[in-house]
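For reference, the structure is listed below as structure tokens.
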There are 2 protein chains.
Amino acid sequence: MATASRVLNGGDRVPRPELQERVREAAAELGYTPNAQAQALAKSSTNVVGILVHDIEDPYFAAIANGVMRAADERNLLVMMASTFRDAEREIAYLSSLRAQRARAAVMIGSRRTDADQLARTANEIEAFLGSGAGLALVSQSGMPAHTIEPDNRAGAAQLARELVGQGWRKFGVLAGPEQLATARDRKDGFVAGLAEAGLEPVVVLPGDFTRDGGHAAAVELLDRKLDVDCLFAVNDVMAVGAMSALRAGGVDVPGQLGVAGFDDIATLRDVWPGLTTVRLPLEQMGRRALELAIEGGDPRTETYAPEVVLRESTTRQ
Amino acid sequence: MATASRVLNGGDRVPRPELQERVREAAAELGYTPNAQAQALAKSSTNVVGILVHDIEDPYFAAIANGVMRAADERNLLVMMASTFRDAEREIAYLSSLRAQRARAAVMIGSRRTDADQLARTANEIEAFLGSGAGLALVSQSGMPAHTIEPDNRAGAAQLARELVGQGWRKFGVLAGPEQLATARDRKDGFVAGLAEAGLEPVVVLPGDFTRDGGHAAAVELLDRKLDVDCLFAVNDVMAVGAMSALRAGGVDVPGQLGVAGFDDIATLRDVWPGLTTVRLPLEQMGRRALELAIEGGDPRTETYAPEVVLRESTTRQ
DNA sequence: CTGTTAGCGCGTTCAA
DNA sequence: TTGAACGCGCTAACAG
């Protein structure tokens, strides 16, 4: 048995070629397939890593997950992915499952809502996860006792505000997303701060969902209230695109009557017209790096990624 | 030991409440976490299912994967996802890994290129996978000895052709994607067949990649050759959107000078302007159903899903 | 109703 | 260089 094990799996010193051959033949003949569970049990270590996303159909998460999967593939790690459908309970349950699976590491993507109780329970599960010896990295969620990858949302949004002001826009409306979502809040705050540098403040800040429909609804509300605004900033690209649809339906020309900007620079949306001014995040690289940190382990580290403003036609002054 | 096992895990008849309590306390005190690997080994069965996609960042795959994950979540199954990055070798290797993991079932999404040798090797691995007792379903790949979920690409494309002809378009260009890809070929063939019913045939059929860039490049070529075409059919939405960008850059008005249609009805692209005429596929439901069939097992069955033409502004006659 | 025993399939000592 | 024995953590069959 040990001999067979040596030639078929472990890189241990292998027997002489002739015996190797015999073992391989026998394996083929018997239709042998190594049992990863048994291997894991014997070695008490697996090559499984987990990814937790809120919604894999959202291109933001898909892009980051793609980076994680690429990095995992390069290291011959198997990926267990779970979509939490934005349910904190599910997230905790999945993390616990990963612990039971003795996953080597996990990456949690996306920021959580700031419900104190939920957050505490999530933190507990995270402690347990790390306590089991596995590695963990979070993307876009600070304040947890694990590696953290964070885009500098505030700085990116502030820079966007500066550039828009530089283009001549003055009367801004902000489609702010949910107030409890750190990512949304930081982008909104950064934008407002950027405006403040020029002595401006937004005409209106409309909360809403962090989704296409949220952006659409907020834009509809904006039109209904006939607010005096000349440029809209939506805290992510899918919201911006939803808003553009609403504006079009309302007969508002973009950017002729109203400029529109988003955040993320989602690849799938780079062909919309007018081209969406946005803030680019290195999503794939962030995912990649998150996995590296998670595998690496060690003391919690935070890495911040600088976003980059991309000006396109949706905010071109005419 | 058995008593503890009974109260903590298996639904076997449980001991009296008092003892249950004692076990739970001890477990909590010791920080006990069930070892899923050991459970799997002892029960010789897991609750892991696999998903194989070509590229999770492609919204088509993300939508189907989303359906699979929803169905898995409802059944308390853990999902192992692999992105093959369109590499057949990787695909085979992953399927083999899933076998080693003793996965209960797997879903393979997307059609493979028709390279006879690769196809045979994939078929071999599929046989081995099924031979291990696991279930398997393929989405958009026929001709394999497993459950198959197939959109009726030909019928959908043919219907699209009929409706476009009905709107008054006559001189069609087809951005056909790769000839070796069954999905692309079927859509192209169906479209051509639909045109034939009206006594028409396409002015030009341009091959290319099945991606945004493929559509873009094909449209550029079309413009360069100054072909006399009044409507473009791209065999998927991302190609169509890439083509629209190229047309815009070339100063061609859509749909004023050229109509454009796609295929899939990708959710993220429903807000592009002009709204993209396309053929809707129930992607999430297909993914869902694929998992059900894979879990269910039994004799290979094929289920076909009827697409539905969605007319939007990109083909509105002016 | 509870505790004991024997594997599940493997990697890893330790002797030979 | 090879083979025998043990243990990884758990469940299922059995005995008490």
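No hydrogens, no waters, no symmetry mates; every other heavy atom, side chains included, goes into these values. By convention in this document, chain letters (A, B, ...) are assigned in the order of the sequence lines, proteins followed by strands, and residues within each chain are numbered from 1. For clarity, every value in this text was computed on a predicted model and none was experimentally measured.
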Ser5(A), nearest nucleotide to its side chain (from dG11(C), dA12(D), dG9(D)) = dG11(C)
message = Could you check whether Thr268(B) and Thr268(A), counting side-chain N and O atoms only, form a donor-acceptor pair closer than 3.5 Å?
response = no
task = Could you work out which one of dT2(C), dG3(D), dG9(C) sits closest to the side chain of Thr3(A)?
result = dG3(D)
query = Is a donor on one side and an acceptor on the other found under 3.5 Å between the side chain of His54(B) and the backbone of Thr84(B)?
reply = no
message = The side chain of Leu41(B) is closest to which nucleotide in this list: dG9(C), dA12(D), dG3(C)?
response = dG9(C)
query = Tell me, which of residues 29-36 of chain A have any heavy atom that sits under 4.0 Å from an atom in DNA chain C?
reply = Tyr32(A), Thr33(A), Pro34(A), Asn35(A)
ask   = Sequence neighbours excluded, which residues qualify as side chain to side chain contact (heavy atoms under 4.5 Å, CB included) partners of Ala4(B)?
value = Val23(B)
request  = Scan Arg113(B), Arg112(B), Arg86(B) and name whichever one has a salt bridge (Lys or Arg N to Asp or Glu O under 4.0 Å) with Glu91(B).
outcome  = Arg112(B)
request  = State whether the side chain of Thr46(A) and the backbone N or O of Arg102(A) hold a donor-acceptor pair below 3.5 Å, judged by distance alone.
outcome  = yes
query = Counting side-chain heavy atoms from C-beta on, which of dG7(C), dC10(C), dG3(C) comes nearest to Gln39(A)?
reply = dC10(C)
query = Any salt bridge between Glu74(B) and Arg288(B), counting N to O under 4.0 Å?
reply = yes
When you compare the protein's N or O atoms with those of nucleotides 14-16 of chain D, which come within less than 3.5 Å of each other, and at what distance?
none

